[in-house]
Amino acid sequence: MNYAWARRGERKRVPYEPPQGRRYNTMALYVPEGPHAAFDWCGTGCRHLRAEDLVGFLLQRPATGVPLVVVLDNAGLHRSAVVRAAVPALRAHNAYLSYLPPYSPELNAIEPIFRAVK
């Protein structure tokens with residue numbers, strides 16, 4: 001909060017709200033164009049997302065004849081050993097990983113969607 005109103009000489013009291021339990025962690029798949037256009041997501045409100053969640057999410061996608069190129073930022077879970085170990089299984093599922101350059105959220109097409117959702 002940037003400012004608040006209070007009577008002269010009184011101090012504005014803002015009750016503390018702990019952030020635990022209010023956060024909802026989400027990952028999404030956004031295919032804006034083409035014959036297989038899609039928006040799919042999964043999330044959890046009780047824990048952080050893990051690399052296993054990402055791999056499972058991608059392997060749950062129905063296989064198509066068109067390769068699925070997944071553009072990821074450089075988050076730790078995206079570059080983890082679990083994800084690197086899953087690359088052969090993802091390729092067999094016709095899914096390929098591509099990473100954005102560091103510090104380039106403007107290149108990530110899903111960022112405006114996340115901004116609107118937040």
Side-chain angles (χ1 to χ4, degrees):
M1 180 183 308
N2 293 336
Y3 63 91
W5 294 96
R7 292 184 182 175
R8 186 179 303 256
E10 292 182 11
R11 188 172 179 185
K12 177 67 178 170
R13 299 279 181 192
V14 178
Y16 174 74
E17 293 183 28
Q20 293 82 7
R22 294 187 322 163
R23 183 180 181 114
Y24 192 80
N25 296 306
T26 306
M27 73 176 75
L29 177 70
Y30 177 52
V31 182
E33 301 173 1
H36 303 286
F39 180 77
D40 194 9
W41 63 276
C42 74
T44 177
C46 59
R47 62 174 176 79
H48 291 286
L49 293 167
R50 299 185 307 250
E52 294 85 1
D53 299 322
L54 172 63
V55 172
F57 179 62
L58 294 176
L59 290 176
Q60 286 178 359
R61 298 289 310 155
T64 64
V66 179
L68 175 66
V69 178
V70 180
V71 179
L72 301 168
D73 59 17
N74 291 292
L77 74 99
H78 296 160
R79 295 225 177 242
S80 70
V82 172
V83 173
R84 287 194 306 266
V87 166
L90 291 169
R91 286 188 179 154
H93 198 67
N94 211 12
Y96 300 88
L97 305 181
S98 177
Y99 291 92
L100 290 173
Y103 307 107
S104 57
E106 70 280 358
L107 298 177
N108 194 344
I110 204 164
E111 287 297 329
I113 294 171
F114 278 151
R115 202 170 306 118
V117 168
K118 288 180 182 177

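The structure displayed is predicted, hence computed values, not measured ones.
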Counting only pairs under 3.5 Å, give me each side-chain donor-acceptor contact of residues 97-105, with atom names and distances, residues two or more places apart or in other chains.
residue, atom, partner, partner atom, Å
Tyr99, OH, His78, O, 2.6
Ser104, OG, Pro101, O, 2.5

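- The minimum heavy-atom distance linking Ala28 with Phe57 is given by the pair C-CE2, 4.1 Å.
- Cluster membership check: Val70 shares its hydrophobic cluster with Leu59, using side-chain heavy-atom separations under 4.5 Å among Ile, Leu, Val, Met, Phe, Trp and Tyr.
- The main-chain N or O of Arg79 is found under 3.5 Å from a side-chain atom of Arg84 such that the two form a donor-acceptor pair.
- Grouping the Ile, Leu, Val, Met, Phe, Trp and Tyr side chains by contacts below 4.5 angstrom, directly or via other members, places Val87 with Leu29.
- Expressed to the nearest 0.5 Å, how far CD1 of Ile110 lies from OG1 of Thr26 amounts to 10.0 Å.
- Applying the side chain to side chain contact (heavy atoms under 4.5 Å, CB included) test to Gln60 and every residue at least two apart in sequence or in another chain returns nothing.
- A heavy-atom distance below 4.5 Å is found between the side chains of Met27 and Leu54.
- One finds the CG atom of Leu72 at 8.5 Å from the CG atom of Leu77 (value rounded to the nearest 0.5 Å).
- With a 4.5 Å cut-off on side-chain heavy atoms, Asn94 and Leu68 do not count as touching.
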